[in-house]
Amino acid sequence: MKSSTQKENLIGFSETALKGLFTGWNEKPYRVYQIFNWIYHKGVFDFEDMTNLSKALREKLNETFDIRFPRLTGKQQSRDGTTKFLFELEDGLNIESVWIPDSDRKTLCMSTQVGCRLGCTFCLTATMGLVRNLTTAEMIGQYMAINQALPEQDKITNIVIMGMGEPLDNYDALVEALRLMVSPEGIRISGRKITLSTSGLVDKIRAFQEEDLNVNLAISLNATEDSTRDRIMPINKKYPIKVLMDCLNEYPLKKRQRITFEYVLLKGVNDSLDDAKRLAGILKGFPCKVNLIPWNGFDSGDFTSPSVERVLSFQNYLISKNFTVFIRKTRGADISGACGQLATESLSTSQPPC
Ligand code: SAH
Ligand code: SF4
């Protein structure tokens, strides 16, 4: 949060907003691209070093803005190389992001909120409730701060928005962040390398398709019957499975693009062969792939992860029906960096939910 003496953070400022400001300053709009080029492509964060800008503009920028990222306060590396980064935000709250290496692919799992208000009963983040939304700068800042700290061969190639929070519940800030990420003038990561995971906020999915950002969509389905989904994902009471699937059926997909369905396997809850059969029925004919995620446990969690045999028979049934099905490798579980294991100490130090 900005204190009264603190300058505006230029990170996260959209192209449009900055162009508007520059018009008032009698500066040409292309100056925005020069500045973005310094920041996002060259990693130069001191206006003084932006040598193709006039001295007057550099001074004005200096008076108005600075360039700040969330403060990296800790780093934990898993045996499998997965690294969890801990950040302190300007108001003292903490968030986590996870860097996952997989041969040439280096994926950043990014957070969009401190906590989450959707209350899925198998998810540790849910136990925090929603503390607050992250700003665009805090989302972009996770990428920038981590990427800067990584050696050349480990730089981020892919982004999954699957960290703390429900991205579509922080819609405006998220869309601004994604615009900066995919923009050729900004971070310049192709939308095809970004995956946004949502619990299925139907109205927001509809709005999102109009943004034309071309990022991949992953839907946390996690159950095949409303009675079960109502219980483990309360959002299902508002947007039941059929309503969600109807919305996805209308979602425009580019050639060869598919929607990913995530399915957290919870022993005795949603992992039976009948579930696999119902899932095949729900997804029949849909351009999709399925990610099965055996539940990652945490101390206060009330579930159990199914046996390997059970997971494999669930997968095999779907494969026999010609679905593309992956079992999500558990990465970073020894550092509590796996899916659904992110939550921070901010529970005890946090401000009231906004
Ligand atoms: N809020 C978004 C993104 C964050 S959760 C969403 O729900 O999709 C990212 C993924 O982790 C989701 O697919 C969710 O179902 C899964 N998940 C949550 N808790 C988990 C746990 N304890 N074990 C395994 N997967 C979990
Ligand atoms: Fe929120 Fe996603 Fe966790 Fe559900 S699974 S509580 S939507 S972060």
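All ligand and atom numbering here is 1-based and tracks the order in the structure. These numbers were taken from a predicted model, which means no experiment stands behind them. Side-chain atoms are counted along with the backbone in the values below, which use heavy atoms only and exclude waters and symmetry mates.
Among P294, S220, S111, the residue whose heavy atom sits closest to atom 12 (C) of ligand 1 is S220. Between the choices M164, R328, M162, the shortest heavy-atom distance to atom 5 (S) of ligand 1 belongs to M162. Closest to atom 1 (N) of ligand 1 by heavy atom, among C120, G163, C109, G165, is G165. Nearest residue to atom 25 (N) of ligand 1 from T125, V264, L265 is V264 (criterion: closest heavy atom). In this structure, of S197, G165, P234, the residue bringing a heavy atom nearest to atom 2 (Fe) of ligand 2 is G165.
Within the structure, ligand 1 lacks A126 among the residues with a heavy atom less than 4.0 angstrom away. Not a single heavy atom of C116 sits less than 4.0 Å from an atom of ligand 1.
Near atom 4 (Fe) of ligand 2, less than 2.8 Å away, sit the protein N, O or S atoms C120 SG.
Side-chain atoms of W99 never come within 3.5 Å of backbone atoms of T107 as a donor-acceptor pair (strictly under, hydrogens ignored). Remark: the backbone N or O of N147 is paired with a side-chain donor or acceptor of K155 at under 3.5 angstrom. A donor-acceptor pair under 3.5 Å links the side-chain atoms of N216 to the main chain of I194, judged by distance alone.
Residue contacts with ligand 1, taken as heavy atom pairs separated by less than 4.0 Å, involve E166 via backbone and side-chain atoms alike. Counting heavy atoms closer than 4.0 Å to ligand 1, residue T198 contributes backbone atoms (N, CA, C, O) but none from C-beta onward.
Taking a cut-off of under 4.0 Å to the non-hydrogen atoms of F122, the atoms of ligand 1 that pass are 15 (O), 17 (N), 18 (C), 19 (N), 20 (C), 21 (C), 22 (N). Near I293, the atoms of ligand 1 lying under 4.0 angstrom from a non-hydrogen atom of the residue are 24 (C), 25 (N).
Counting only heavy atoms from C-beta outward, the side chains of K75 and K84 never approach each other to under 4.5 Å. Counting only heavy atoms from C-beta outward, the side chains of Y251 and L253 approach each other to under 4.5 Å.
Using the six-membered ring where Trp is involved, F65 and F13 have ring planes that are perpendicular, over 60° apart on the 30 and 60° scheme.
Taking a cutoff of 4.0 Å between a charged side-chain nitrogen and a carboxylate oxygen, D246 and K242 qualify as a salt bridge. Between R229 and E225 there is no salt bridge, since none of the side-chain N atoms of the basic residue sits less than 4.0 Å from a carboxylate O of the acidic one.
Sequence neighbours left out, the pairs with a member in residues 165-189 that pass salt bridge (charged side-chain N to carboxylate O under 4.0 Å, His left out) are R117-D169, R179-E211.
Here the shortest heavy-atom pairing between N170 and T112 reads ND2-O, 2.9 Å.
Partner V311 forms a side-chain contact (heavy atoms from CB on, under 4.5 Å) with one of L265, I293, D271 and no other, that one being L265.
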